[in-house]
Amino acid sequence: MRDDKLCQLTIHEAHELLGQKKLSSLELTMALLQRINEVEDKIHACVTITEDIALEQARQADEHISRGEITPLTGIPVLVKDVICTRGIRTTCSSKMLENFVPPYDATVVEKLKAQKAVILGKTNMDEFAMGSSTEHSAFFPSHNPWDVERVPGGSSGGSTAATSAGEAIYALGSDTGGSIRQPAGFCGVVGLKPTYGRVSRFGLVAFASSLDQIGPITRDVTDCALVMNVIAGHDSRDSSSVPHVVPDYTKNLNSRGRSLKGTVIGVPREYFPDNMQGEIKTALVAAINRLQELGATVDWEVSLPHTRYALAVYYILAPSEASANLARYDGVKYGFSEQNAGSVIEATEKTRQFGFGAEVKRRIMLGTYALSAGYYDAYYLKAQKVRTLIKQEFEQAFEKYDALVTPTSPTVAFKLGEKMEDPLQMYLSDVCTLPINIAGLPAISVPAGFVQNLPVGMQIIGKPFDETTLLDIAFAYEQATSWHERKPML
Ligand code: GLN
């Protein structure tokens with residue numbers, strides 16, 4: 001098989017070839033490393049490439065396979081967002097603060113991948129500490145969108161989605177606090193799932209906003225997404241927010257072609273088609289939802305979730321507040337960057353944080369400490385928490401009637417590099433459709449649902465807590481009936 005075909009395989013396709021001994025993990029890994037080599041100067045998706053580790057893991061995987069020890073992720077190369085700790089491999093969060101930080105332990109998700117003999121190709125670029133929507137807030141370099149390299153791949157998991165789309169890895173892991181898996185997945189034409197809060201362990205995920213953060217898969221199709229979920233989901237005694245629910249087999253319903261959605265009731269909340277939305281996106285989404293209807297789903301186009309309009313404000317109180325507390329640990333003493341050239345401890349801390357953090361991170365810390373300060377706590381933080389409850393209740397009511405809600409993933413397609421860097425509010429607005437879902441702790445998936453000016457459009461499907469199965473089923477039926485996910489960017 002030609003190398004560029006190898007690089008665009010799905011997990012399940014590669015697994016089949018590995019199982020039939022038509023392909024070795026080493027061949028696949030070498031093809032991807034070569035591809036990374038070829039396209040990285042255009043895409044800049046990776047912060048660290050662990051070639052030696054990957055080749056060694058691939059050899060080991062091949063040994064396991066030769067003994068008949070093979071599971072769906074065995075020998076399949078993956079890239080990991082650089083906010084997820086990898087033992088012995090530096091984990092930077094795309095920040096100067098952690099530029100040379102080498103964790104002494106693996107995140108639980110990484111441990112789980114390694115237990116399946118996955119092959120880790122390296123770590124992907126992101127907005128610093130996962131704060132942003134374009135990957136331009138990386139302290140190192142911006143990543144580029146494979147569909148148009150003058151555009152952003154989205155963020156903050158933009159490195160992971162760009163790499164998956166550009167054929168640099170078979171799949172990737174991302175993290176999502178307000179949309180950072182789904183929004184860049186939409187921008188890059190790949191599948192991205194934010195699991196229910198508590199579904200996937202966050203042990204070893206560098207904390208941004210602890211009541212919102214979740215790790216999830218970024219893949220080329222829905223089946224792959226289910227396969228990765230089968231491995232990474234589940235309780236972890238090292239993460240007290242993880243939930244001891246049984247992990248279902250997420251692939252169980254995904255084998256029948258031409259599946260009907262008869263009996264599935266879908267709601268379309270009108271607030272998710274905001275005024276700032278590009279007209280063509282609305283058109284693409286209407287066509288996609290019509291498709292769901294043709295597949296047998298009952299669609300209610302008249303759903304209203306009025307508290308959605310407060311979600312952005314609530315998020316930008318709560319997320320920075322939590323971030324300001326989580327980032328207090330970077331004081332130049334415990335680990336990470338440390339400015340030694342100072343006359344006092346206070347000055348050393350100040351200089352460490354002044355140099356170690358970028359502008360967006362500082363902005364969040366200031367917003368957060370302000371919202372939490374004695375005089376303003378009730379007016380901002382507490383009020384935001386109350387509105388959060390209302391948003392959550394509104395979703396609960398909707399889910400008494402609907403199996404899932406469907407919205408666009410973003411109000412626009414991928415924007416130009418630099419376009420929103422001077423205007424933080426415009427940048428924040430690119431997550432209006434995804435933030436409310438984190439606020440309510442719900443699962444949501446973004447799947448390719450069309451193109452506008454040759455740029456991918458994402459459809460977001462939102463589900464009940466711990467009902468990732470229904471999301472994947474709907475997404476799979478849609479995917480089987482369309483071919484958007486088969487298009488690849490020309491690089
Ligand atoms: N773009 C949002 C933010 O900047 C969400 C980021 C994320 O999900 N990590 O906070």
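Ligands are counted one by one from 1 in listed order, and the atoms in each one are counted from 1 as well. Only a predicted model underlies this, so the values are computations on that prediction, with no experimental measurement involved. Computation of the quantities below employed the complete heavy-atom set of this structure, encompassing side-chain atoms and omitting hydrogens, waters and symmetry-equivalent molecules.
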Centroid separation under 6.0 Å, is that true for the rings of F129 and Y330?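 For Y330 and F129, the ring centres are under 6.0 Å apart.
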Got a sec, which pairs hit ring-ring contact (aromatic ring centres under 6.0 Å, His included) with one end in residues 411-430, sequence neighbours left out?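 Residue pairs with at least one partner in residues 411-430: F187-F415, Y316-Y428.
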The criterion is side chain to side chain donor-acceptor pair (under 3.5 Å); which residues satisfy it with K351, sequence neighbours excluded?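 K351: side chain to side chain donor-acceptor pair (under 3.5 Å) contacts with E347.
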Below 4.0 Å from any atom of ligand 1, which residues have a heavy atom? Give them in chain and number order, please.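 These residues qualify: A130, M131, G132, S133, S156, D176, T177, G178, G179, S180, F208, Y315, Y316, R364, D431.
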About how many Å separate SG of C93 and NZ of K81, when rounded to the nearest 0.5 Å?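 The SG atom of C93 is 8.5 Å from NZ of K81, to the nearest 0.5 Å.
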Interatomic distance, Y310 atom OH to K386 atom NZ [nearest 0.5 angstrom]: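 If I round to the nearest 0.5 Å, the distance is 15.5 Å.
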Using the salt bridge (Lys or Arg N to Asp or Glu O under 4.0 Å) rule, collect all pairs that involve residues 171-195, keeping only residues at least two apart or in two chains.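 Every salt bridge (Lys or Arg N to Asp or Glu O under 4.0 Å) pair that includes a residue of residues 171-195, provided the two are not neighbours, is D176-R182.
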